[in-house]
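First up is the structure itself, then whatever we jot down about it.
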Amino acid sequence: MEFAGEVVLVTGSGKGIGKAIATQFAQEGAFVCINDVVREDAERTAEELEKLGTKTLAVQADISKEEGVRNMFDLLFERFGTIDVLVNNAGVGDSLMVEDTTYEMWKKVIDINLNAAFLCCKAVIPVMQKKRHGKIVNIASVAAKKMSYHGGAAYTASKAGLLGLTRHLAYELAPYGINVNAVCPGATLTPLLKMSTSPAQLEAELVRFPMGRFSEAEDIANAVVFLCSTKSRMMVGQAIDVDAGELLAWTDFNSYQKYRKDRLRKFLGQ
Ligand code: NAP
């Protein structure tokens, strides 16, 4: 088991992508701290993972608040004494145009998606530096490289900022044997996406993905676990897209195919 006895914290892991990440680490023998803003979600996930035969800790905390982060790490260090892997996963979206976004909404998204990651990184850096070992993975989004399809400007800006933090931190911590990288999911079938988008709309959106399907939470978790494994030990400051090919396209796949077929017919003089 690759992570036997290592201590892993996944923020926002009561459900969705975070839960899938926490589950894979637990299956690999890690002790996992499950954080969520909703206590029941954190506790339910921790109970499920305990059944896999590992140790868990459920911590209800709003990690967009300094006090929430402080309390979470107090509990984590009290229980496990150290940390080996931090996955900054908790995130929220907005879906408004800038003209309709209030400053409060903007700040809320930046606080949860970006500032919380900064606070959590600050908390683990001294411990990982001392051990000269550690992995940090930030869950960004393809929105960080283009612009969000479902989310608004605050979401896009927060995720682009997260990639900036990833690169800087990766450079600063590499001499200590600490790898910092990011994963950029495309649209992923989590409760969040299923609740906010009707089945018909989801079906219509599939044209954006040349693979013809959405990613599942487990696909994102696979990339995170890889980035924390010895197989990726020379990867520093990277942002891996797990997006079913969504970012590659200038257009939707059906239009692309039609354009190429039309060109071929013209070329053949048909
Ligand atoms: P999700 O199902 O909503 O899970 C996110 C979890 O984080 C929720 O349990 C949420 O709790 C929790 N959370 C929110 N604010 C928090 C806070 N202040 N403190 C602690 N926990 C908090 O979302 P997901 O789809 O799994 O997304 C996980 C990550 O992937 C996010 O960073 C998201 O931006 C990113 N991502 C997702 C997609 C996608 O298509 N799903 C695509 C690209 C990137 P509540 O919901 O109860 O508030």
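Ligands are counted one by one from 1 in listed order, and the atoms in each one are counted from 1 as well. Model, not experiment: these values are computed from the prediction.
- Distance from atom 18 (N) of ligand 1 to its nearest protein heavy atom, with residue and atom name: D62 OD1, 2.8 Å.
- With a 4.0 Å cut-off on non-hydrogen atoms, K159 touches ligand 1 through its side chain and not its backbone.
- Of the charged side-chain nitrogens involved, none lies within less than 4.0 Å of a carboxylate oxygen, so that R208 and D252 do not count as a salt-bridged pair.
- Each of the atoms 35 (C), 44 (C) of ligand 1 lies under 4.0 Å from some heavy atom of A140.
- One finds a salt bridge joining E104 and K107 here, because a Lys/Arg side-chain nitrogen approaches an Asp/Glu carboxylate oxygen to under 4.0 Å.
- Summary of contacts: the protein heavy atom closest to atom 43 (C) of ligand 1 is P185 O, 3.2 Å.
- Of the N or O atoms in I17, one or more lie within a sub-3.5 Å distance of an N or O in ligand 1.
- Looking at I139, V142, V242 one by one, the single match for side-chain contact (heavy atoms from CB on, under 4.5 Å) with P185 turns out to be I139.
- Salt-bridge formation is detected for the pair D241/K145: a Lys NZ or Arg NE/NH1/NH2 atom is positioned less than 4.0 Å from an Asp or Glu carboxylate oxygen.
- From the protein, the heavy atom lying nearest to atom 14 (C) of ligand 1 is V92 CG1, 3.9 Å.
- The option from A90, A143, S13, G16 that lies nearest to atom 2 (O) of ligand 1, judged by heavy atoms, is G16.
- Among all non-hydrogen protein atoms, the one lying nearest atom 23 (O) of ligand 1 is L192 CD2, 3.8 Å.
- For K131 and T82, the side-chain atoms include at least one donor-acceptor pair closer than 3.5 Å.
- Distances from ligand 1 to the non-hydrogen atoms of A217 include no value under 4.0 Å.
- Close contacts of ligand 1 with A187, meaning ligand atoms under 4.0 Å from a residue heavy atom, involve 40 (O).
- Of all protein heavy atoms, the one lying nearest to atom 7 (O) of ligand 1 is G12 CA, 3.4 Å.
- Of all the heavy atoms of V38, the ones lying under 4.0 Å from any atom of ligand 1 belong exclusively to the side chain.
- The N/O atoms of I63, backbone and side chain alike, include one that comes under 3.5 Å of an N/O atom in ligand 1.
- Residue S141 has no nitrogen or oxygen atom sitting less than 3.5 Å from a nitrogen or oxygen atom of ligand 1, judged on distance alone.
- When atom types are taken as modelled, the side chain of D243 and the backbone of G245 share a donor-acceptor pair closer than 3.5 angstrom.
- Close approach of ligand 1 to A61 (heavy-atom distance below 4.0 Å) involves ligand atoms 19 (N), 20 (C).
- A donor-acceptor contact closer than 3.5 angstrom links the side chains of T166 and N138.
- Residue contact annotation: T11 has no non-hydrogen atom under 4.0 Å from ligand 1.
- Side-chain atoms of D36 and Q60 form no donor-acceptor pair, as typed in the model, at a separation below 3.5 Å.
- A distance-only check finds a donor-acceptor pair linking the side chain of N179 to the backbone of R233 [under 3.5 Å].
- F253 and F209 have their aromatic ring centers separated by at least 6.0 angstrom.
- A salt bridge links D262 to R265: one of the charged nitrogens lies within less than 4.0 Å of a carboxylate oxygen.
- Nearest protein heavy-atom contact of atom 15 (N) of ligand 1 is I112 CG2, 3.7 Å.
- When each atom of ligand 1 is checked for a heavy atom of G91 under 4.0 Å away, the hits are 31 (C), 32 (O).
- The nearest heavy-atom contact from the protein to atom 45 (P) of ligand 1 is K15 NZ, 3.5 Å.
- Taking all heavy atoms of D36, V37, I21 into account, the minimum distance to atom 8 (C) of ligand 1 is reached by D36.
- With ligand atoms numbered from 1 in the order given, ligand 1 contributes 33 (C), 34 (O), 35 (C), 36 (N), 43 (C), 44 (C) to contacts under 4.0 Å with heavy atoms of Y155.
- Between the side chains of E2 and S229, no donor-acceptor pair of N or O atoms lies under 3.5 Å.
- Of all the heavy atoms of T190, the ones lying under 4.0 Å from any atom of ligand 1 belong exclusively to the side chain.
- Side-chain contact annotation: S158 with N113, donor-acceptor N/O pair under 3.5 Å present.
- Both the backbone and the side chain of N89 come within contact range of ligand 1, each with a heavy atom under 4.0 Å.
- Shortest contact from atom 40 (O) of ligand 1 to any protein heavy atom: T188 N, 2.8 Å.
- K19 and E48 are joined by a salt bridge, as a carboxylate oxygen and a charged side-chain nitrogen come within less than 4.0 angstrom of each other.
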